[in-house]
Amino acid sequence: MAKLGYCKIDNMKLSIKSRSSVHSVKELMQSGGLFSGVVAMLPVIQVFSAGSPLEIAITIREYDWDEFEEAMHATAKITRKRIYIAAEPMTWQTTGQEQKFWRCVSDATF
């Protein structure tokens, strides 16, 4: 069985190249999660390094939360794009159920 996210094909044995690509995609998913976590910590570090409670309150109020939201959305887009770059070529290099699996992974990045 091959499974990545919600893409799952039962009773299928992956080729060596596909197993390697599955490993790569899993690493991309993991590093994307870490990247998002680091970006999410930035406001905490910036806000609470302000000093006194009054300065912290002012920093929270004046923090550019819209830019933070854009940054968080960008991390997900970057991760999906990198997964697409790994998965899409596998749709050309495989056939049958294996190709169907990689098409699902590739399509999931949109």
Side-chain angles (χ1 to χ4, degrees):
M1 175 178 67
K3 182 172 191 239
L4 273 174
Y6 64 80
C7 299
K8 180 174 104 174
I9 305 288
D10 292 321
N11 301 322
M12 180 184 71
K13 184 171 172 135
L14 291 173
S15 66
I16 292 170
K17 187 159 177 79
S18 280
R19 284 192 300 248
S20 175
S21 293
V22 165
H23 179 71
S24 296
V25 168
K26 285 182 178 180
E27 284 181 346
L28 289 168
M29 291 166 69
Q30 183 179 16
S31 63
L34 292 172
F35 181 46
S36 294
V38 168
V39 171
M41 287 301 298
L42 290 175
V44 174
I45 293 166
Q46 292 172 335
V47 166
F48 290 101
S49 66
S52 73
L54 178 61
E55 291 171 324
I56 290 171
I58 291 169
T59 303
I60 289 171
R61 187 174 151 269
E62 293 179 352
Y63 195 82
D64 191 347
W65 295 106
D66 292 330
E67 185 176 336
F68 171 69
E69 178 186 16
E70 289 177 21
M72 288 304 297
H73 286 294
T75 62
K77 286 181 183 177
I78 291 166
T79 301
R80 285 194 313 270
K81 178 68 173 178
R82 295 195 62 208
I83 291 170
Y84 174 82
I85 290 169
E88 184 61 21
M90 294 305 295
T91 66
W92 316 325
Q93 300 169 16
T94 56
T95 60
Q97 290 291 86
E98 201 170 5
Q99 185 180 47
K100 183 178 175 184
F101 169 75
W102 284 112
R103 175 60 51 207
C104 176
V105 174
S106 179
D107 289 349
T109 63
F110 292 112

Fill in: Intermediate values then yes/no, side chain to side chain contact (heavy atoms under 4.5 Å, CB included), Thr91 and Glu88
CA-CA 5 Å; Thr91 66; Glu88 184 61 21; 3.4 Å; yes
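- No more than 12 heavy atoms of other residues, nucleotides or ligands sit less than 6.0 Å from atom CD1 of Ile16.
- Taking hydrophobic clusters as Ile, Leu, Val, Met, Phe, Trp and Tyr residues chained together by side-chain heavy-atom distances below 4.5 Å, Ile58 does not share a cluster with Tyr63.
- Using a 4.5 Å heavy-atom cutoff, the side chains of Gln97 and Lys100 are in contact.
- Rounding to the nearest 0.5 Å places OG of Ser106 at 11.0 Å from CD of Gln99.
- Not a single donor-acceptor pair under 3.5 Å links the side chain of Trp102 to the backbone N or O of Thr95.
- The shortest heavy-atom contact between Gly51 and Ile56 is O-CD1, 3.5 Å.
- Between the CG atom in Leu14 and the CZ atom in Phe101 there is a gap of 6.0 Å [rounded to 0.5 Å].
- Tyr84 is not connected to Phe35 by any chain of hydrophobic side-chain contacts under 4.5 Å among Ile, Leu, Val, Met, Phe, Trp and Tyr, and they are in different clusters.
- More than 12 heavy atoms of other shown residues, nucleotides or ligands fall within 6.0 angstrom of atom CD in Gln46.
- In this structure, Phe68 and Trp65 have perpendicular ring planes: the angle between them is above 60°, well past the 30° mark.
- Here the NZ atom belonging to Lys81 is positioned 13.0 Å from the OG1 atom belonging to Thr79, to the nearest 0.5 angstrom.
- By the 4.0 Å N-to-carboxylate-O rule, Glu98 lies too far from Arg103 to be salt-bridged with it.
- Cluster annotation: Ile78 is not connected to Ile85 through the hydrophobic network of ILVMFWY side chains, with a link wherever side-chain heavy atoms come within less than 4.5 Å.
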Side-chain donor-acceptor distances from residues 38-45 under 3.5 Å, at least two apart:
none

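- Two residues are said to be in side-chain contact when any heavy atoms from C-beta on lie closer than 4.5 Å; Glu27 and Arg82 fail this criterion.
- In this structure, Arg80 and Lys77 have side chains that are in contact, with non-hydrogen atoms separated by less than 4.5 Å.
- Under a hydrophobic clustering in which Ile, Leu, Val, Met, Phe, Trp and Tyr are joined whenever their side-chain heavy atoms come within less than 4.5 Å, directly or via other members, Met29 and Met72 fall into different clusters.
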